[in-house]
Amino acid sequence: MHPLAPIISILILGLRSASQEAPGAATTAPSTETAAPSTETIVTVPISQYSFSAFPLPSQTPVAGVSPLSDPREPPPVGSSLIPDFAHAWAGAYQEAKNKIANFTLDEKVSVGTGVGWMAGRCVGNTPPIGVNGSKFPGLCLEDSPLGIRFADFVTAFPTGINTAATWNRKLIRRRGLFMGREHVGKGVNVALGPMMNIGRVAQGGRNWEGFGADPFLAGEAAYETILGMQEGGVQACAKHLINNEQEHFRTQESSDVDDRTQHEIYAHPFLRSIMAGVASIMCSYNLINGTYACENDKIMNDIIKREFGFQGYIMSDWAATHSTISVITGLDMTMPGDITFQSGTTYFGANLTAYVQNNTIPAARLDDLATRIIAGWYFVHQDAGDYPTTNFDAFNPANEETNEHVDVQEDHYKVVREIGAASTVLLKNTNGALPLKKPRSIVLVGSDAGPGKVGPNEFADQGGVDGILAMGWGSGTANFTYLISPLEAIQRRARDDRTSVSWILDDFDTDRAGNMAIGRSAALVFISSDSGEDYITVDGNEGDRKNLTAWHSGDDLVQAVAAQNNNTIVVVHSVGPLILEPWIDHPNVTAVLWAGVPGQEAGNSITDVLYGDWNPSGRLPYTIAKQASDYSAHLILGGQPTDILSIPYTEGLNVDYRYFDAFNITPRFEFGFGLSYTNFTYNKLHIAEVGGQASTDADLEESWAAGNATPIAQGSSTAIWLHRPLYNVTFEVENTGPVWGGDIPQLYLNMPPSAGEPPSILKGFTNVEILPGDKKTVGITLSRYDLSFWDTVAQGWRRPNGTIGVTIGTSSRDARLKGNITIA
Ligand code: NOJ
């Protein structure tokens, strides 16, 4: 048994009882008008799993709008307009790190940034202990993934990034981050390799499901909340992949060619928000950017991330994405997993880096800087605490009883998995009152995605194979399922209560039989799916990226065969990204469509909660569903020879996803931000007011911005508080005019004047609100100077546009309900 096991279990017990005492601990929101709304179902308790040493922080002059003395273990509450200012926590961590490396030898400093090599440690990435038995520094365990812990047992398989984004619910996003952080800590992981924030630029992109969708603002908010939660939990987060890693094909041999404005406004924005959340580490990507490999890209790493955004943590390479020793000069701090190619026994760091420092090719000060940054990340989240759990699993040797202690870190995290699974489900179509189901007399479930796999749930390495319910994609962004609830299991349990007769056919290809079985049922539920993942695994001809946007396993035929026989055909889609739904979406017998994404281990319970109205759908699409694949603005670039560098020009610029559909007047099937509810909401009383009364120490910068000058962003502060502090408060009233309790996601889009050169409509705010039928609530969304700016490439700063800025409040990117204006004098 691990020496810390008793402490861990005491703590787990402690946390559990705290949760149980929480009032209203139901897992799903009520759907009746009498019950109180409750998304606050799981209470966040401060972690006390291990103590941590507080380091003295310099005193701070209070700044309006800033959370004083922000510590990553105590972030501002969700929804607070306070901006955390981690500068003081970083300063303290830097001081401790500098003290620590003061007695390191040159080789030891080099070792801090040099991974031990592929499969040479217990985690997917490891840095070595420094000093005898780690007396100087214990070394780091770095472990995937963005949705949990890869290669470990007794862990939670959380909903994917794309589902998390589809909730548009900051509280749920934060809570998932917190629980993932705690699980990593419980397993003795120092650095969790997520979140992933590449943009869903190409609908077929293999790893889109790991990330937060096709819009930078939504992705930025999801990254921000996830990181605040993870680091509150005590693990160092890792924002990845820096940057423009938007397709899998040729990912190590493609140059994403992106202009400076698009880079700033679209792709870099989630990284800026990550840095504002105090992210400890960032992972540079496999690809090249404008002709230079990401992990030796001075413009990206040094200029944008470290100088402009003021990043204080460290940049590690993606696995074997380091291309030179000199990358240290261009901003790389750590090479992972350490060897040049896996298990080659060679490294660009190690002895090579030592030699480069000795012959002054790389200044010694830069080596000190990288070692300081890495060790500061460890202090920053207080991993220096003496009782921080040591790694108690062995990623590559799960059967070795000596190195696997089987620590159960799941607690009751399944509750938030189930809740996010329901809250991320998007109701796309609902006619004839098909949903929610009301004690149907008989139902048939159709399709392999409705049931458990023939083998499962971890029989395909890194989930690279689809068999039964699809709950995550494949690749390194996965976790093992401790269990996996299928819709069939969950619906059967419900049918027992409702006394419903249930039958099923899980064979996707026997369409005749499926059609026949649908005859006479009160409802026929057809489950279809579509999968993708990382390029090192090919599934059914999909080399990571999807080869098309068609449902897998003849899903379209299945829907049509069933709809031909049953006039209440309800389609459930489990998919990593958009599908073309045209073959059947307008079929009059397809009465309802639920978009369930890839929701994690509680997939069956989550969809059952929505189908039966225990959860009123509040999910919104984090990308556009087009009528045809060619309608999207960007596509996979295929082909290329083994020695080629494939050019991927990002010629659509700012016109990613819905921005392109709007700019070119292309009608999508379901637009970005779309999602129906079992109730109705109306919006009234739009009011836009300047936020007053903020004493500012940066009045001159604010005045300069208001006068129309681009900001001198190169101050080296990510927070640049004055730029991000709320400037306008947009309020309006939301009323639930329908029959049941429900949650709504009002969205704020800006319509910049033509001179700004922006797409017609850009998301710059959203909130979520739960309302009882007949009730109304006033909600507020704030806008900062940054939100109201565009990136001026000549001046290299954020500049407000000239002219009037339109403000649209809507239920989606195309359903405007209220309109107002902002004119900056
Ligand atoms: C490569 C993937 O791109 C990255 O996301 C992952 O963290 C590493 N492999 C480690 O598994």
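Numbering of ligands and ligand atoms starts at 1, following listing order. Numbers for residues simply follow the sequence, beginning at 1.
- The nearest heavy-atom contact from the protein to atom 8 (C) of ligand 1 is Asp318 OD1, 3.5 Å.
- Taking a cut-off of under 4.0 Å to the non-hydrogen atoms of Glu534, the atoms of ligand 1 that pass are 1 (C), 2 (C), 3 (O).
- Close approach to Trp319 involves these atoms of ligand 1, each under 4.0 Å from a residue heavy atom: 8 (C), 9 (N), 10 (C).
- Which parts of ligand 1 touch Ser476 is read off a 4.0 Å heavy-atom cut-off, strictly below it: atoms 2 (C), 4 (C), 5 (O), 6 (C), 11 (O).
- Under 3.5 Å, the side chains of Asn245 and Ser285 contain no donor-acceptor pair of N or O atoms.
- Applying the 4.0 Å criterion to heavy atoms of Leu193 picks out, from ligand 1, the atoms 7 (O).
- With sequence neighbours excluded, no residue forms a salt bridge (charged side-chain N to carboxylate O under 4.0 Å, His left out) with Glu246.
- Using a 3.5 Å distance cut-off with no hydrogens or angles, the side chains of Gln263 and Asn244 do pair a donor with an acceptor.
- Both tests do not hold together for Arg373 against Tyr314: distance to the six-membered ring centre under 6.0 Å, angle to the ring axis within 45°.
- Atom numbering of ligand 1 starts at 1 in the shown order; those under 4.0 Å from a heavy atom of Arg150 are 11 (O).
- Atom 5 (O) of ligand 1 has as its closest protein heavy atom His241 NE2, 2.7 Å.
- Applying the 4.0 Å criterion to heavy atoms of Lys240 picks out, from ligand 1, the atoms 4 (C), 5 (O), 6 (C), 7 (O).
- In summary, Asp545 and Arg251 do not engage in a salt bridge, as defined by a charged side-chain N under 4.0 Å from a carboxylate O.
- Residues Tyr536 and Asp462 have side chains that bring a donor and an acceptor to within less than 3.5 angstrom of each other.
- The proximity of Arg207 to ligand 1, defined as any non-hydrogen pair under 4.0 Å, is limited to the side chain.
- Heavy atoms of Met196 stay at 4.0 angstrom or farther from ligand 1.
- Residue Glu543 places its CD atom among 12 or fewer non-hydrogen atoms of other residues, nucleotides or ligands, all under 6.0 Å distant.
- Residue contacts with ligand 1 leave out Met336, since none of its heavy atoms falls under 4.0 Å from the ligand.
- At a threshold of 4.0 Å, the pair Lys187-Asp153 counts as salt-bridged, since one of the basic side-chain nitrogens sits closer than that to a carboxylate oxygen.
- Salt-bridge check for Asp333 with Arg366: passed, with a basic side-chain N closer than 4.0 Å to an acidic carboxylate O.
- Of the protein's non-hydrogen atoms, Asp144 OD2, 2.5 Å is the one closest to atom 11 (O) of ligand 1.
- Near Arg251, the atoms of ligand 1 lying under 4.0 angstrom from a non-hydrogen atom of the residue are 3 (O).
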